[in-house]
Amino acid sequence: MDNTKSIEPSDFSSPLLSTESQGYGEEKREKGTWLVPPRLILSTLVAVSGSYVFGSAVGYSSPAQTGIMDDLNLGVAEYSLFGSILTIGAMVGAVISGRIADYAGRRVAMGFSEIFCILGWFAIAFSKVGWWLYVGRLLVGCGMGLLSYVVPVYVAEITPKNLRGALTTIHQLLGLFFIPESPRWLAKFGHWERSESVLQRLRGMNTDVSQEATEIRDFTEALQQQTEANIIALFQLQYLKSLTVGVGLMILQQFGGVNGIAFYASSIFISAGFSGSIGTIAMVIVQIPMTTLGVLLMDKSGRRPLLLISASGTCLGCFFAALSFFLQDLHKWKEFSPILALVGVLVYTGSFSLGMGGIPWVIMSEIFPINVKGSAGSLVTLVSWLCSWIVSYAFNFLMNWSSSGTFFIFSSICGFTILFVAKLVPETKGRTLEEVQASLNPNST
């Protein structure tokens, strides 16, 4: 019988552990100004630079579609395979991501991901036949599967609670040599002195980190009295809420149509009677400031409000796009319907960038205890990329079936996302990882 004391949320709200000076507490306050240690900024920027690989791989297939199909004589089905095989590789990466990150470390996992991406892009760049495209796209996908798990987990584990959301959402190889390993990962394997030393460097050398280090150590020691959970063990009642939130957000994020729209944006605009190149450029122009706004608001407004606004916007954007194609089918408002499609896609893109793009990954990195984080992260990431493959492969066929129907389906799923967030997703803003995990998994320790 396990007599281990269960850690309750109240254990982490005592004066000792919940003060603003909790170890580093938050940023160092000096002369009335909040300062972030340079080591923390460097480590975060190096880690999230992997998002450039992620974004370029996802967006590459949209403007390149016509050229690749013409140069290599690919049909719709063959190009759909090229676009969607990225997600198959990502599923492979997702399966191994948790284990590599847990046993080799977060830095090593990021290094592996970049090797996959470099090899994949070389294969795509020098391909002369279709199957080399598939191999390259598959390798890039493997790297993305690793990145999509390990980057938010690493950043969440090294940042203080009131910066965690913003820094986790701003998702190459050389820089990895200059950043430290996660202090929570070091603590998990009993490297207490290294863990506290890394924490000290991340929080600033003049900051007292003793309280935060003690909290990490106490929580980790309690978790270590249990065996490492595997995928099957995750389906115990004690992890049910975390699993439901993590998996549910990923399913709804992908079935809302994001990768179908991102992979094939150019063809969507052309089908709507609008310029593919202008539409794609407009998407980027909208995406950058909205992503920046989401980063700035993440730790001020909280995760839930941004998710609700974001999901509402994606629902409205898909509805506008669906209405545009519906009007085309009826041969009504022919001059107005292409503009409506552009507005719909831009509203969707901006809204998704505000919250639904990054926040599910932030929450995934926050809600699972360290003894199940590897298995849970692999499962959640695998589910995400499986759903992404379904959408990205089926999208062209759905559009051939009914363009308006496709976007009405996406709009309905985005509408359901609003209800899911309102009823089930917890607010994690301003809480330490240990507080969040103890509240969601009260019997896990």
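- You'll find the side chain of Arg99 reaches within 4.5 Å of the side chain of Ser375, heavy atoms only.
- When all heavy atoms of Ala90 and Trp385 are compared, the pair lying nearest together is CB-CD2, 3.1 Å.
- With contacts defined as side-chain heavy-atom distances shorter than 4.5 Å, the pair Ser439/Arg431 qualifies.
- Few gaps surround CZ on Phe274; more than 12 heavy atoms of other groups in view lie less than 6.0 Å from it.
- When side chains are defined from C-beta on, Val95 does not count as touching Ser378, because their heavy atoms never get closer than 4.5 Å.
- For Phe326, there are no ring pair (Phe, Tyr, Trp, His ring centres under 6.0 Å) partners, not counting sequence neighbours.
- With sequence neighbours excluded, no residue satisfies ring pair (Phe, Tyr, Trp, His ring centres under 6.0 Å) with Phe269.
- Residue Phe122 forms a side-chain contact (heavy atoms from CB on, under 4.5 Å) with just one option from Leu119, Ile124, Ile118, and that option is Ile118.
- Within the 4.5 Å cutoff, side-chain heavy atoms of Phe368 are placed close to those of Leu243.
- Under the 4.5 Å side-chain criterion, counting only non-hydrogen atoms from C-beta, Ile261 is in contact with Phe407.
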Quick one, Phe112 with Ile96, criterion side-chain contact (heavy atoms from CB on, under 4.5 Å). Give me CA distance, side-chain angles, the key distance, then yes/no.
CA-CA 11 Å; Phe112 269 120; Ile96 63 176; over 6 Å; no

Return all side-chain donor-acceptor pairs below 3.5 angstrom for residues 349-357, not counting sequence neighbours, or 'none' if the list is empty.
| unit_1 | atom_1 | unit_2 | atom_2 | d |
| --- | --- | --- | --- | --- |
| Thr349 | OG1 | Val345 | O | 2.8 |
| Ser351 | OG | Val347 | O | 2.8 |
| Ser353 | OG | Thr349 | O | 2.8 |

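- Residues forming a side chain to side chain donor-acceptor pair (under 3.5 Å) with Ser277 (at least two apart in sequence, or on another chain): Ser275.
- A 4.5 Å side-chain heavy-atom check between Ile367 and Gln437 finds every atom pair outside the cut-off.
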As a quick check of understanding, evaluate side-chain contact (heavy atoms from CB on, under 4.5 Å) for Val258 and Tyr348, giving each step before the final call.
CA-CA 9 Å; Val258 58; Tyr348 178 93; 3.4 Å; yes

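- Contact detail for Pro338 and Ser324: the closest heavy-atom pair is N-OG, 4.3 Å.
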Under the side-chain contact (heavy atoms from CB on, under 4.5 Å) rule, what do Ile85 and Ile88 come out as? Steps first, then yes or no, please.
CA-CA 5 Å; Ile85 203 171; Ile88 296 176; 4.2 Å; yes

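- Note that CZ of Phe263 is 4.0 Å distant from CG of Asn259, once rounded to the nearest 0.5 Å.
- In terms of modelled atom types and a separation under 3.5 Å, the side chain of Ser392 and the main chain of Ser388 share a donor-acceptor contact.
- Contact check for Leu146 versus Glu114: no side-chain heavy atoms found under the 4.5 Å cut-off.
- Qualifying ring pair (Phe, Tyr, Trp, His ring centres under 6.0 Å) partners for Phe116, counting only residues two or more places apart in sequence or in other chains: none.
- In this structure, Ile268 and Phe395 have side chains that are in contact, with non-hydrogen atoms separated by less than 4.5 Å.
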Let me have the donor-acceptor pairs involving side chains of residues 408-427, under 3.5 Å, with sequence neighbours excluded, atom names and distances please.
| unit_1 | atom_1 | unit_2 | atom_2 | d |
| --- | --- | --- | --- | --- |
| Ser411 | OG | Cys315 | O | 2.9 |
| Ser412 | OG | Phe408 | O | 3.0 |
| Thr417 | OG1 | Ile413 | O | 2.9 |
| Glu427 | OE1 | Arg303 | N | 3.1 |
| Glu427 | OE1 | Arg304 | N | 3.1 |
| Glu427 | OE2 | Arg303 | N | 2.9 |
| Glu427 | OE2 | Lys429 | N | 3.0 |

